[in-house]
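Just below is one structure, and these are the notes that go with it.
Letters A, B, ... mirror the listed sequences (proteins, then strands); counts begin at 1.
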2 protein chains.
Amino acid sequence: MATTGGKNSSGAGDPARTLELLWRDSAAAPAARRGPRQGLTVDAVVDAALALADGGGLDALTMRAVAQRLGVTPMTLYTYVPGKSELLDLMLDAVFLRMDRPPFGPEQPWRDRVTSVADANRALHLRHPWLVDLRIVRAPLGPGVMAKYEYELAAFEGLGLDDVARDSALTFVLGSVQAGARAELDARAVERESAMSDGEWWAAHEPLLARVFDGARFPLASRVGEAAAVAYGGLYDAEHAYAFALARVLDGLAALGTP
Amino acid sequence: MATTGGKNSSGAGDPARTLELLWRDSAAAPAARRGPRQGLTVDAVVDAALALADGGGLDALTMRAVAQRLGVTPMTLYTYVPGKSELLDLMLDAVFLRMDRPPFGPEQPWRDRVTSVADANRALHLRHPWLVDLRIVRAPLGPGVMAKYEYELAAFEGLGLDDVARDSALTFVLGSVQAGARAELDARAVERESAMSDGEWWAAHEPLLARVFDGARFPLASRVGEAAAVAYGGLYDAEHAYAFALARVLDGLAALGTP
DNA sequence: GGGTACTCTATACAACGTACAGAGTTATGG
DNA sequence: CCATAACTCTGTACGTTGTATAGAGTACCC
């Protein structure tokens, strides 16, 4: 087990400053600034941070590492960004903004649309594993967050939902996807870190687990646990879990329209 | 925004040692040990850790704080527990083990049973806010984890699911609950930290958000976002979100039985 | 051409988990 | 009975983190 226990709190900073950054309010600052020209841009900082986090997770994202990647001193970053939490805000908005948003066809059934939203979000989380470790306390309302929200709400057209229910439905879908992605990423991480596949691990410690699979004490758990393990070849089958969850989510939403 | 970015990885330690600890294998050690009697117990350490984490989250859970609470030096803890990640394993198993598990009546419809499982898990997450920050990479198969799994699997009796599907269904339900709990805890945290309610925050920064609620650029988002905000009184309504998600989950599961 | 606002750097601090070395204590083997 | 081995608990120390603070140098404004 691992945590992501950290300071890293946000929303703490001045929200006005954060919003300026998110929308890259060059208008807010005078066109001609005084001292030396800046050698970098906010985007460069964000991109460097993204490269680090995408590759090595939030653990690899340190201000020192970002600075080194950009060839500057750590403290230089604070000229571009008020702190690490604001940098995370910017990273989040950036990956949201860059998501593909193919327009929905007017004839496309809502199940297809919601499925494609779910698929896109799963892919997003797998490409940016640090996303699941982010605690989005007060969503940074940047262009990416807004564009994503706007687009994804449209997927629920034709379900007969009022506005409030539509927001709830989207939250519900995204929550399910995120939960699945989290489990999947955790499973991947453990294989990488222990250099041992799930199956190998289980085999290696089978003797110790005799009491766990004690059919007398835990009849259901041992039976179902083993059935699941056998079905997936000893591995947690993320693909299967995702397909199952998505089907349930869609059916659950469908039941809204047919009371 | 905040993270829980941290080392704190587990499964890293010797799994045999962890299992011994989880099941409190006093049998594994000789009855009479050599040096001085131990002044504490593993349970005392776990309880101290739980008190800290329940009150202040994972940020408050430091080895130094646990030690201070027990009146010992930080390093003393390492006599009882190999490291922090194993301590987290023990904490997780402990709170699972202590959950209430009222037996299901044989006549009780599955919807009631699954609802009570969901309710119990929501309550668990709200009582132990650090749970959502834990990355359960390789579930520590202690008595608590097993008992919980055994109990919760029983809730799906009568749905006509095979063993593999039953495991998937449980995972799906727990994932939804956890996603909701996470959002709820994040919402709470931000109110506490900023000493500003969601409504106050929005009001204070409304001018800055003009472009966000630009009806021309984000017609759906601004309309739906505002409708949701008005419906909840400006606040994220966790109760509503939970009820909505649970109803969808149950309907989604119901669709399994009626093809 | 000062003064001022800026950029970037160097140093420093308080946390964190825990490695390491030791001092003191107890059961065990000769 | 006593030396030794095994154990508990402590003190100190290291490397890593985010970032406060102070200063050196640079470019624009009046």
Side-chain angles (χ1 to χ4, degrees), chain A residues 1-10 12-14 17 26 28-42 44-45 49 52-53 56-89 91 133, chain B residues 1-10 12-14 17 26 28-42 44-45 49 52-53 56-68 70-89 133:
Chain A
M1 166 163 328
T3 71
T4 58
K7 291 284 92 52
N8 293 349
S9 85
S10 137
D14 178 14
R17 176 76 201 281
S26 45
R33 303 162 61 92
R34 264 194 211 184
R37 295 280 143 73
Q38 290 194 300
L40 302 170
T41 61
V42 173
V45 174
L52 286 167
L58 245 30
D59 286 351
L61 181 68
T62 69
M63 297 303 269
R64 285 168 169 87
V66 174
Q68 189 176 25
R69 182 172 251 269
L70 293 168
V72 292
T73 310
M75 289 310 293
T76 299
L77 301 177
Y78 291 86
T79 313
Y80 298 88
V81 148
K84 193 181 186 183
S85 65
E86 287 83 358
L87 178 53
L88 288 167
D89 285 346
M91 292 166 63
D133 291 330
Chain B
M1 167 161 330
T3 70
T4 59
K7 289 288 92 53
N8 293 346
S9 84
S10 135
D14 178 15
R17 177 76 202 281
S26 44
R33 302 164 60 91
R34 261 189 216 190
R37 294 283 141 72
Q38 291 195 300
L40 302 170
T41 61
V42 173
V45 173
L52 286 167
L58 243 30
D59 286 351
L61 181 67
T62 69
M63 296 303 269
R64 284 168 167 87
V66 174
Q68 188 175 27
L70 293 168
V72 292
T73 308
M75 288 311 293
T76 299
L77 300 177
Y78 291 85
T79 313
Y80 297 88
V81 149
K84 195 183 185 182
S85 65
E86 287 82 359
L87 178 54
L88 288 167
D89 285 346
D133 291 330

Look at B/Tyr78 and D/dC9 and indicate whether a side-chain polar atom (N or O) is within less than 4.0 Å of OP1 or OP2.
no
With the side chain of A/Thr79 defined as its heavy atoms from C-beta on, choose the nearest nucleotide among C/dC8, D/dC28, C/dG17.
C/dC8
Measure CD/B/Gln68 against P/D/dT10 and give the value in whole Å, please.
13 Å
Rounded to whole angstrom units, what separation is found between the CG atom of B/Leu87 and the C1' atom of C/dC16?
15 Å
Please tabulate, one pair per line, each protein N/O and nucleotide N/O from nucleotides 12-15 of chain D that are separated by under 3.5 Å, including the distance.
none

Winner on side-chain proximity to A/Arg33, out of D/dC9, C/dC6, D/dT19, is C/dC6
Would you say that A/Leu61 contacts A/Lys84 through its side chain, given a criterion of any heavy-atom pair below 4.5 Å between the two side chains?
yes
Nearest-Å distance, CG (B/Leu52) to P (C/dC16)?
11 Å
Take the protein atom CG of B/Asp59 and the nucleotide atom C1' of C/dA15, then report the distance between them rounded to whole Å.
12 Å
Output the rounded distance in Å from CD (A/Gln38) to C1' (D/dC28).
15 Å
To the nearest 0.5 Å, how far apart are CE in A/Met63 and OG1 in A/Thr76?
10.5 Å
Walking DNA chain C from its 5' end, the first of A/Gly71 and B/Pro36 to be reached, judged by nearest nucleotide, is A/Gly71
Choose from D/dT8, D/dT19, C/dA5 the nucleotide whose nearest atom is closest to any side-chain atom of A/Arg34.
C/dA5
Would you kindly give the CG-to-C1' distance between B/Leu70 and D/dT10, to the nearest whole Å?
16 Å
From CE of A/Met63 over to P of D/dT17, roughly how many Å is that when rounded to an integer?
12 Å
Give B/Leu61 one of three labels, base, sugar-phosphate or nothing, depending on what nucleic acid heavy atoms sit under 4.0 Å from its own.
sugar-phosphate
What's the separation between atom CG in B/Leu70 and atom OH in B/Tyr80, rounded to the nearest 0.5 Å?
9.0 Å
Rounded to the nearest 0.5 Å, how far apart are CG of B/Leu58 and CG of B/Leu52?
11.0 Å
A/Thr76 side-chain N/O to C/dT9 phosphate OP1/OP2 under 4.0 Å
yes
Gap between atoms CG and C1', on B/Leu40 and D/dC7 respectively (whole Å):
15 Å
Could you measure the distance from the CD atom of B/Gln68 to the OG1 atom of B/Thr73? Nearest 0.5 Å is fine.
11.0 Å
Student check: side-chain heavy atoms of B/Thr79 and B/Leu40 closer than 4.5 Å
no
For C/dC8, does either OP1 or OP2 sit under 4.0 Å from a side-chain N or O belonging to A/Arg37?
no
Name the residue from A/Leu77, A/Val81, A/Val72 that meets the side chain to side chain contact (heavy atoms under 4.5 Å, CB included) definition with A/Val66.
A/Leu77
